[in-house]
Amino acid sequence: MAGDMEQTTEEARFVKQTRNFDIKRVIVKIGSSLLTNNGRGLDRTAIYEWAKQIAKLHNQGIEVLLVSSGAVAEGVVRMNLDERPKKLAALQACASIGQMGLIETWWSALIQHGIQSSQLLLTHDDLSNRSRYLNTSSALTQLLEWRVLPVINENDTITIDEIKFGDNDTLGAMAAAMVNADLYIILTDQEGVFTDNPRHNPNAKMIRQERAMADYLFDIAGDGGKLGRGGMLTKIRAGRLAAMGGCPTVIVSGAIDDVITRVVSGEAVGTLLTTNEHDKIIARKQWIAAHLRMSGTLIVDAGAARAVIENNRSLLPVGVVEVRGDFDEGDVVEIVHQDTGERLAIGQVNFSSNDARRVARERTEQFGKIFGNKEERVVMVHRDNLALSM
């Protein structure tokens, strides 16, 4: 595998510095362009090399979860197609065909190091629904307790546009938040995030470290490639989503020698996207805003609408005039204006739909009578868990 690109003396000194990571659990995401050797079938040599690096971490007691793209691309190669299909049925068929080879290759690469692995296929619906989210989390926790390495991919065989993650960068970020990962590593075909496209501008400089929420990162991000649906833009978005759970992200080239172990050891390769407490709140709002399917609807009066939109307040039960749908505490719901029917925001609700109906239009002091005991929940949706739509 190729080594680091040439660097200036100043950059080389920076790389030798270390980052202070305390890693007990790490998620590694590898994209299609790397896994399939730019469309020429699964690059088994590279996969076995990454598996060797993962095994080193595993043997050190570090828990590793792998998010692996490549199923559709492998299916395209196996079916001798000229390009990735555009029709949904053909994409689903390619995913079904390619997933067989993808998971078999990872199993073979990992088992030679004594590591058992498993396959976990997810859709956005699995993580936006509270019950499925908790079930998925429980399954992952059990696998890690058994020292089994989960290999996660989007379930492209059954997904439709309404429930697609759209890219495995996002899936990996949501998984990082789910399992409270300490580090999220995105392996790509670029050395990291640059100030400009290094393929076109030789003067582009690598951004070694930045806040995940830095707005200018979106301005310099590029588009996705031929095989993948990602690109640097989705990787930066994924870094923001991972920041929701306080998980830093490293975006780095998968072609760098021993890249995974070097990143985990703290070597300053690639671009590190950091987070702080304020950024966690911003990232959480963006994670909520990324939900495509709502579990229910809260209809609010004009006063509640003003409090949420104009005054940045939490949504109180007294302002909720109607509750629609069937949802659990912690699900993501939409907040709609009673008079205009306009969606004002979406947020993570603190009550189940049954309890929400009991406290709708009620003031906090009435909660004890309603529930028959002291009730600690006082807001329907907290402002930190609420993303405005307007």
Side-chain angles (χ1 to χ4, degrees), residues 124 127-131 133-134 137 170 173-182 184 210-215 217-218 236-249 273-301 303-320 323 325 327-337 342-353 355-356 359-360 362-364 367 374-390:
H124 194 290
L127 300 189
S128 62
N129 179 278
R130 182 67 174 173
S131 178
Y133 181 96
L134 293 174
S137 178
T170 301
M174 296 183 79
M178 176 190 294
V179 301
N180 295 314
D182 301 304
Y184 179 31
E210 185 54 270
R211 291 173 47 247
M213 308 311 295
D215 289 335
L217 292 175
F218 277 121
I236 291 171
R237 284 176 176 163
R240 292 189 166 197
L241 290 176
M244 178 200 74
C247 180
T249 297
L273 300 181
T274 62
T275 182
N276 55 38
E277 290 302 318
H278 177 66
D279 286 347
K280 286 181 192 179
I281 295 174
I282 299 173
R284 184 168 187 81
K285 289 174 180 285
Q286 293 187 344
W287 174 77
I288 291 170
H291 279 70
L292 301 177
R293 294 172 64 124
M294 301 297 108
S295 298
T297 302
L298 303 177
I299 309 297
V300 301
D301 60 26
R306 283 193 301 273
V308 168
I309 300 299
E310 298 176 13
N311 301 324
N312 190 31
R313 299 286 182 84
S314 300
L315 176 63
L316 299 177
V318 68
V320 178
V323 177
F327 51 83
D328 296 322
E329 179 183 347
D331 279 352
V332 176
V333 299
E334 62 178 347
I335 300 169
V336 174
H337 198 296
E342 191 173 14
R343 178 191 282 185
L344 305 175
I346 61 176
Q348 207 165 12
V349 66
N350 288 332
F351 295 88
S352 67
S353 52
D355 285 347
V359 298
E362 298 288 349
R363 296 189 176 278
T364 306
F367 288 7
K374 184 179 180 180
E375 178 57 51
E376 296 182 354
R377 294 171 296 180
V378 296
V379 301
M380 188 71 77
V381 180
H382 193 277
R383 63 184 180 185
D384 289 348
N385 297 327
L386 187 149
L388 298 182
S389 300
M390 303 181 68

How long is the span from the CG atom in Asp355 to the CG atom in Asp328, to the nearest 0.5 Å?
10.5 Å
Shortest non-hydrogen contact between Ser353 and Gly325, atoms and distance:
CB-O, 3.5 Å
What do the steps show when you test Val318 against Thr364 for side-chain contact (heavy atoms from CB on, under 4.5 Å), and what is the final call?
CA-CA 8 Å; Val318 68; Thr364 306; over 6 Å; no
Distance from Leu241 atom CG to Tyr184 atom OH, nearest 0.5 Å?
9.0 Å
Drop me the distance from Leu315's CG to Leu386's CG, to the nearest 0.5 angstrom.
7.5 Å
Spacing of CE belonging to Met213 relative to OG1 belonging to Thr274, to within rounding of 0.5 Å:
11.0 Å
Would you name the heavy atoms of Ala243 and Ala212 that are closest together and state the gap between them?
CB-CB, 4.2 Å
Nearest-0.5 Å distance, CZ of residue Phe327 to CG of residue Leu298:
5.0 Å
Is a side-chain donor-acceptor pair under 3.5 Å present for Thr297 with Glu334?
yes
For Gly239 and Thr249, the nearest pair of non-hydrogen atoms, with its separation, is CA-OG1, 3.6 Å
With a 3.5 Å distance limit and no angle check, can you tell me whether Arg306 reaches the backbone of Asp301 through a side-chain donor-acceptor pair?
no
If we check side chain to side chain contact (heavy atoms under 4.5 Å, CB included) with Pro317, which of these qualifies: Met380, Arg377, Glu362, Arg363?
Met380
Give a yes or no on whether the backbone of Arg313 and the side-chain of Arg383 come within a donor-acceptor separation of less than 3.5 Å.
no
For Val379, is there any backbone N or O sitting under 3.5 Å from a side-chain donor or acceptor partner on Asn350?
yes
Would you indicate whether the side-chain heavy atoms of Thr170 and Arg237 approach each other to under 4.5 Å?
no
Output for pair (Arg211 CZ, Leu217 CG), nearest 0.5 Å, gives 9.0 Å
Kindly give the heavy-atom pair with the smallest separation between Asp182 and Pro248, and that separation in Å.
O-CD, 3.3 Å
